[in-house]
Protein chains: 2
Amino acid sequence: MERANEDLTAKARIRDAALRLFAEQGFEATTIRGVAAAAGVSSGLVRHHFGSKEALRDACDAHALDHAMAVKEEAILAGGLADSTFMAAVYPSMLLMQRYLARSLVDGSPSAAALFDRMVDVTEQWAQAGRLPTRPADPRAFAAALVAMQTGLLMLHDQVSRALGADILDASGNLRLGRAVLDIYTHPLLTEDQAAQARAAYDQLQARQPLSSASSAAAPHVGGGRDGEGPRT
Amino acid sequence: MERANEDLTAKARIRDAALRLFAEQGFEATTIRGVAAAAGVSSGLVRHHFGSKEALRDACDAHALDHAMAVKEEAILAGGLADSTFMAAVYPSMLLMQRYLARSLVDGSPSAAALFDRMVDVTEQWAQAGRLPTRPADPRAFAAALVAMQTGLLMLHDQVSRALGADILDASGNLRLGRAVLDIYTHPLLTEDQAAQARAAYDQLQARQPLSSASSAAAPHVGGGRDGEGPRT
DNA sequence: CAGTCAGCTACACACTCGTGTAGTCCTTCC
DNA sequence: GGAAGGACTACACGAGTGTGTAGCTGACTG
């Protein structure tokens, strides 16, 4: 399924190498010479084909978006298996594209930021459409948090893989992670008592510092009780 | 509560500036000269106090860990409010430390990776301790996914803030995000039917490609049905 | 008062980066 | 056959980086 690298044009090889390196190392840390070496060409050729490093990034952005869209449409046209799980399984390149886009968010790519907003929009509409078992109170914040959390999984690919002892981009490790995330999304992490306690704590916080500029928690407590410490230190 | 910058020694000012810049821009993109300018000193003084850029990073790592641990112990000693939510609310600097550590994960800092592993360990033990309403089938993967997702929220600080139209490090935006994450963790995102359907899809995937190296999904589908597309494209 | 030493600065060096330019090779078309 | 043009390389340049070194200042110490 994966096309052989030797059959590709040099321009495509450069773009693919850049996409992979950008995803793995980030935009700043990736050098044009490194891209050229990975693609098996001279550094001058990178400039010849793409003009500048920024233009190379734009080409990668466009390619990642095009690829994701094309695969998505193809999957929709092909049948009912339009959910992203199956798509990513059938098209291994999807994960690289997603990881590239996730990394672009950290690097501050404008197009990735635009995509993030779009994903939040789509998720917000999906949350408001009533497909959820429970309608969230704040669909916008709900969507933003959900998208950011899922993206975090891709960005921390190396860390998660190391903690699991298996590459989450491989079939076995990926299935394992997928089931775990499914577990998180399926079962509530807090009992009703704990949730009520947490909500009360937020109410108290909001009442105490209604207009203060002091920061509070980005990480919600997961363990509700006294010694219940969340995953975040 | 926040100490005045002018009262700090130059070494402390350099460390604080480096921590903030590392958290905002990443390690590679931050220059020693930039740190020196932010601290109001010459670039040579940075080297005089810390020896090298890597040693400066180590000092920031140690400081972030020390600060987090000290605040945590103090909170535990002070009373029952040991959960991270309240701590971060009381100690605004906690969020910066967390954001720094989250960013360090992306930049590949060894000590941040060690901290990530420790957080996964703690979360795994917490998941196995039976405090959850439902015991996860794979506590290790469950914990890794949970920690990565929460960390993702901090790493995508800018993106989430933009999508919400409010800085999530400020009180109002942070409360809003906290409630949203609480919402995610409290209510299941999938109905039982959808969850069963997703599990069946994973079983089918696992049976079809038992030992293949082809990648599958890191993003689980959230919408289960035909046109149900998850937040991830 | 002289000595000392940490705090601090200014400056230079080697290196790597992105970029610019000239030139070679090879295919294509008249 | 020869001109033309794209694919591709080699090399040079300026800017910015981390790092090294010499020197200045002021407080403390005998």
Side-chain angles (χ1 to χ4, degrees), chain A residues 3-63 100 103-104 106-111, chain B residues 3-63 100 103-104 106-111:
Chain A
R3 59 203 183 273
N5 255 3
E6 298 78 17
D7 294 346
L8 291 176
T9 63
K11 187 172 183 179
R13 264 184 296 136
I14 292 171
R15 192 226 313 117
D16 288 354
L19 209 116
R20 184 173 58 84
L21 290 179
F22 285 161
E24 290 175 358
Q25 312 172 355
F27 179 72
E28 295 281 352
T30 301
T31 67
I32 288 187
R33 288 170 175 84
V35 171
V41 299
S42 73
S43 64
L45 190 61
V46 178
R47 170 166 173 78
H48 171 72
H49 277 302
F50 295 94
S52 73
K53 193 182 180 185
E54 201 67 31
L56 176 59
R57 192 231 285 258
D58 291 342
C60 288
D61 283 347
H63 181 69
Y100 167 78
R103 179 71 202 222
S104 297
V106 182
D107 293 339
S109 162
S111 58
Chain B
R3 59 202 181 276
N5 255 1
E6 298 77 18
D7 293 347
L8 291 176
T9 65
K11 187 171 183 179
R13 265 184 296 134
I14 291 171
R15 192 226 314 118
D16 288 355
L19 209 114
R20 184 173 58 83
L21 291 179
F22 286 161
E24 288 175 0
Q25 312 171 355
F27 180 71
E28 295 281 352
T30 301
T31 67
I32 288 187
R33 287 169 176 83
V35 172
V41 299
S42 72
S43 65
L45 190 60
V46 178
R47 170 167 175 78
H48 171 71
H49 277 302
F50 296 95
S52 73
K53 191 182 180 185
E54 201 69 32
L56 176 59
R57 191 230 287 258
D58 292 341
C60 289
D61 284 346
H63 181 69
Y100 168 77
R103 179 69 201 223
S104 296
V106 181
D107 293 338
S109 162
S111 59

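Because only heavy atoms are used, hydrogens play no part in the values below, and waters and symmetry mates are left out as well, while side chains stay in. Chain letters run A, B, ... following the sequence lines, proteins first, then strands; residues in each count from 1. This is a predicted model, so every value here is computed, not measured.
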Can you check nucleotides 23-25 of chain D for protein contacts, nitrogen or oxygen pairs under 3.5 Å, and list what you find?
none

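A salt bridge (Lys or Arg N to Asp or Glu O under 4.0 Å) check over residues 19-37 of chain A, counting only residues at least two apart or in different chains, returns the pairs A/R20-A/E24. Within the structure, every pair that satisfies the ring pair (Phe, Tyr, Trp, His ring centres under 6.0 Å) test and touches residues 8-62 of chain A, not counting sequence neighbours, is listed here: A/F22-A/F27.
Of all heavy-atom pairs spanning A/L45 and A/A10, the tightest one is CD2-CB, 4.0 Å. Taking both residues in full, the closest heavy atoms of A/A18 and A/L56 are given as CB-CD2, 3.8 Å, listed atom of the first, atom of the second, then distance. Taking all atoms of both residues into account, the shortest heavy-atom contact from B/A38 to B/L21 is CB-CD1, 4.1 Å. B/K53 and B/T30 make their closest contact through NZ-O, 2.7 Å (heavy atoms, listed as atom of the first residue, atom of the second, distance). Annotation for A/V106 and B/R103: closest pair CG1-NH1, 3.2 Å, computed over non-hydrogen atoms. Between A/A23 and A/Y100, the shortest heavy-atom contact is CB-CA, 3.7 Å.
Applying the side-chain contact (heavy atoms from CB on, under 4.5 Å) test to B/A39 and every residue at least two apart in sequence or in another chain returns B/R13, B/I14, B/A17, B/V41. Scored by the side-chain contact (heavy atoms from CB on, under 4.5 Å) test, B/S52 finds B/E54, B/A55 as partners (sequence neighbours excluded). Among residues two or more places apart in sequence or in another chain, the salt bridge (charged side-chain N to carboxylate O under 4.0 Å, His left out) test is passed with B/R47 by none. The side-chain contact (heavy atoms from CB on, under 4.5 Å) search around B/A12 returns B/L8, B/T9, B/R15, not counting sequence neighbours. Applying the side-chain contact (heavy atoms from CB on, under 4.5 Å) criterion to B/S111, with sequence neighbours excluded, gives B/D61, B/S109.
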*Sugar-phosphate atoms are those with a prime plus P, OP1 and OP2; base atoms are the rest. Using that split, label each nucleotide of nucleotides 9-18 of chain C B, S or - for protein heavy atoms under 4.0 Å, 5' to 3'.*
B--B----BB
*Summarise protein proximity over nucleotides 24-29 of chain C in one line of letters, 5' to 3': B for base, S for sugar-phosphate only, - for none, counting protein heavy atoms closer than 4.0 Å.*
------
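Between the axis at the start and the axis at the end of the helix from C/dC1-D/dG30 to C/dC30-D/dG1 there is an angle of 10°, using five pairs per end and rounding to 10 degrees.
The distance from atom CD of B/E54 to atom P of D/dT19 is 9 Å, rounded to the nearest whole Å. Atom pair B/R47:CZ and D/dT19:P shows a separation of 7 Å (rounding to whole Å applied). At whole-Å resolution of the value, NE2 in A/H49 and C1' in D/dG5 are 14 Å apart.
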